[in-house]
Amino acid sequence: MPELPEVETTRRGIRSHVEGRRLTGWEVRQPQLRWPVEVPAKLRNARLLRVRRRAKYLLFEFDEGALILHLGMSGSLRIVETGSPPGKHDHVDLHLDSGYTLRLRDPRRFGSLHYQDNVAEQHWLLARLGVEPLEDDFDGAYLHRMSRKRKIAVKSFLMDGRVVVGIGNIYANEALFMAGIRPRIAARRVTRARYDLLASQVKAVLQAAIEEGGTTLRDFVGSDGRPGYFRAELKVYGRERLPCVVCATPLTGIRTGQRATVYCRNCQH
DNA sequence: ATAATCACCTGCTCGC
DNA sequence: TGCGAGCAGGTGATTA
């Protein structure tokens, strides 16, 4: 489940292989991802200037527009030699003038590939997104201000992409644990001071995961292309009924808004 | 307007 | 051993 750190790790892993290259062609073997795959004909021989990230989207910028890629739940990118045989779930190939191909694999097909002329952020998928969690405008004051009328669980609030992007289920659980906040508390009832702590813990856990991805980053050439998932560092996610790493109390597993939620009833209030 | 639910899709685990 | 059921999860669309 690529979350923001995994997407960022992917970006760093592939950028040196694609930036500055021309797109010589492509193959779309399965056009039905979450939305129909878009690769306009005018991109042939276009130069890929750079790869950026916005939320969990990877933006491949060309002179006149950008391809907008989302890895969904099961997507991954790898760099392969052009002509190497695709696997069952290798849905899209982008051929580069280096003799290599950027290959998208996505077994569950929750990912997407769109094209947007000019600035990628003008695309409807990106237009209403909230702030980036690692930028300075994401802080306790922002969370406090945005939550004043919100009755939803603070965990659901934290995962609302119109508020702040890139915080999926795994890191929402982790950040709330680190901040000592119970996931089901109404967002509007969390104090400014506690939002200060929550914002800083969100940054810390995402940054740590990105650095972990950097250290465990596999070679994106010829490998399976999947960055590490920070598994060893997770303190609550996937650990229901196991002892809390701080106080040894068995962790509580619940569901908030259809999502698996794990917390420590002793450490989080 | 906000909140809750649904839908998309496949691989994997589980119980029988 | 085989098989259906349930689950996982990002996020836009739909319903309440």
Side-chain angles (χ1 to χ4, degrees), chain A residues 1-11 28-38 53-59 68-77 86-92 104-114 116 120-133 143 145-176 183-190 202 206 209 224-227 229-231 234 236-241 253-262:
Chain A
M1 318 358 61
E3 294 215 33
L4 188 149
E6 289 78 28
V7 176
E8 179 61 24
T9 297
T10 296
R11 186 185 75 84
V28 180
R29 286 176 287 272
Q30 171 54 277
Q32 294 303 317
L33 300 185
R34 186 172 186 195
W35 287 284
V37 169
E38 298 176 2
R53 179 188 59 74
R54 170 71 171 116
K56 295 176 185 171
Y57 294 94
L58 286 175
L59 314 177
I68 301 172
L69 175 74
H70 198 292
L71 295 174
M73 310 279 310
S74 60
S76 63
L77 289 174
K88 181 181 178 184
H89 301 297
D90 291 336
H91 303 315
V92 179
L104 170 65
R105 171 178 298 181
D106 187 4
R108 286 174 227 183
R109 291 160 53 197
F110 274 30
S112 61
L113 184 59
H114 286 91
Q116 173 68 38
E121 279 83 349
Q122 294 171 346
H123 194 274
W124 64 276
L125 281 169
L126 306 185
R128 293 182 219 77
L129 292 178
V131 303
E132 287 284 333
L143 284 176
R145 172 160 38 90
M146 295 293 285
S147 64
R148 288 311 80 196
K149 294 179 179 175
R150 304 298 300 274
K151 297 181 179 180
I152 56 172
V154 62
K155 177 168 179 256
S156 301
F157 174 69
L158 199 57
M159 294 174 67
D160 184 343
R162 296 165 304 180
V163 177
V164 54
V165 300
I167 304 174
N169 197 36
I170 296 174
Y171 296 107
N173 278 297
E174 294 301 306
L176 287 165
R184 281 216 268 222
I185 297 211
R188 65 177 181 178
R189 297 186 56 196
V190 176
V202 165
L206 292 178
D224 62 1
R226 304 186 74 88
Y229 280 123
F230 201 53
R231 281 278 171 194
L234 299 178
V236 289
Y237 180 80
R239 298 192 66 245
E240 59 269 30
R241 294 188 298 281
I254 58 174
R255 295 187 74 80
T256 58
Q258 315 289 62
R259 291 290 181 276
T261 300
V262 188

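Below, all heavy atoms of this structure are taken into account, side chains as well, without hydrogens, waters or symmetry copies. Labels below follow one simple rule: chain letters A, B, ... track the order of the sequence lines, proteins then strands, and each chain is numbered from 1.
Each of A:Asn169 and A:Trp35 lies near DNA chain C, and the nucleotide nearest A:Asn169 is the one positioned closer to the 5' end. Projected onto DNA chain B by closest heavy-atom contact, A:Ile152 and A:Gln258 fall at different nucleotides, the more 5' of which corresponds to A:Ile152.
Rounded to 10 degrees, the angle separating the terminal helix axes of the helix from B:dT2-C:dA16 to B:dC16-C:dG2, each built from five base pairs, is 50°.
Relative to the side chain of A:Ala260, the nucleotides B:dA4, C:dA8, C:dG10 differ in distance, and C:dA8 lies closest. Closest to the side chain of A:Met159, out of C:dG10, B:dC6, B:dT2, is C:dG10. Residue A:Arg34 has its side chain nearest to B:dA7 when only B:dA4, B:dC9, B:dA7 are considered.
Atom pair A:Met73:CE and B:dA7:C1' shows a separation of 13 Å (rounding to whole Å applied). Summarising the geometry, the separation between CZ on A:Arg148 and P on B:dT2 is reported as 14 Å, rounded to the nearest angstrom. At whole-Å resolution of the value, CE in A:Met146 and P in B:dA1 are 14 Å apart. In this structure, A:His114 places its NE2 atom 13 Å from P of C:dT11, rounding to the nearest Å. Here C:dG10 presents its C1' atom at 14 Å from CG of A:Leu69, a figure rounded to the nearest Å. Nucleotide C:dG12 holds its C1' atom 15 Å from the CD1 atom of A:Ile68, rounded to whole Å. Summarising the geometry, the separation between CZ on A:Phe110 and C1' on B:dC9 is reported as 5 Å, rounded to the nearest angstrom. The distance from atom CD1 of A:Ile170 to atom C1' of C:dC7 is 15 Å, rounded to the nearest whole Å.
With a 4.5 Å cut-off on side-chain heavy atoms, A:Arg150 and A:Asp160 count as touching. Between A:Leu33 and A:Phe110 the shortest side-chain heavy-atom distance does not fall below 4.5 Å. Between A:Leu69 and A:Leu77 the shortest side-chain heavy-atom distance falls below 4.5 Å. Contact of the A:Val165 side chain with the A:Pro133 side chain is registered, since non-hydrogen atoms from C-beta on lie closer than 4.5 Å.
Put simply, A:Arg255 has a side-chain N or O that comes within less than 4.0 Å of OP1 or OP2 on C:dA8. The side chain of A:Lys56 places an N or O atom within less than 4.0 Å of a non-bridging phosphate oxygen (OP1 or OP2) of C:dT11.
By the side chain to side chain donor-acceptor pair (under 3.5 Å) test, A:Arg241 is found to be paired with no residue, residues two or more places apart in sequence or in another chain being considered. For the side-chain contact (heavy atoms from CB on, under 4.5 Å) test, residues two or more places apart in sequence or in another chain that qualify with A:Gln116 are A:Ile68, A:Gln122, A:His123.
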Please write out each protein N/O paired with an N/O of nucleotides 10-14 of chain B under 3.5 Å, distance rounded to 0.1 Å.
residue : atom : partner  : partner atom : Å
B:dT10  : OP1  : A:Arg109 : NH1          : 2.5
B:dG11  : OP1  : A:His89  : NE2          : 2.4

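Side chain of A:Arg239 to backbone of A:Val262: no donor-acceptor contact under 3.5 angstrom is found.
Results of the side chain to side chain contact (heavy atoms under 4.5 Å, CB included) test with A:Leu104 over A:Leu71, A:Val28, A:Val37 single out A:Leu71 as the only residue that passes. In summary, of the residues considered (A:Glu3, A:Lys155, A:Glu174, A:Gln258), a side-chain hydrogen bond (donor to acceptor under 3.5 Å, both in side chains) with A:Asn169 occurs for A:Lys155 alone.
Around the CZ atom of A:Arg29, the shell of radius 6.0 Å holds more than 12 heavy atoms that belong to other residues, nucleotides or ligands. More than 12 heavy atoms of other residues, nucleotides or ligands lie within 6.0 Å of CZ in A:Arg148, so this atom counts as buried by the packing criterion.
The list of salt bridge (charged side-chain N to carboxylate O under 4.0 Å, His left out) pairs with a residue in residues 124-133 of chain A, not counting sequence neighbours, reads A:Arg53-A:Glu132, A:Arg54-A:Glu132.
In the region residues 120-129 of chain A, proximity to DNA chain B at under 4.0 angstrom, judged on heavy atoms, holds for none of the residues.
Residue contacts shown for A:Arg259 include a base, since a base heavy atom lies under 4.0 Å away. Among the protein residues, A:Tyr57 comes within range of the sugar-phosphate backbone only, with heavy atoms under 4.0 Å from sugar or phosphate atoms but none that close to a base.
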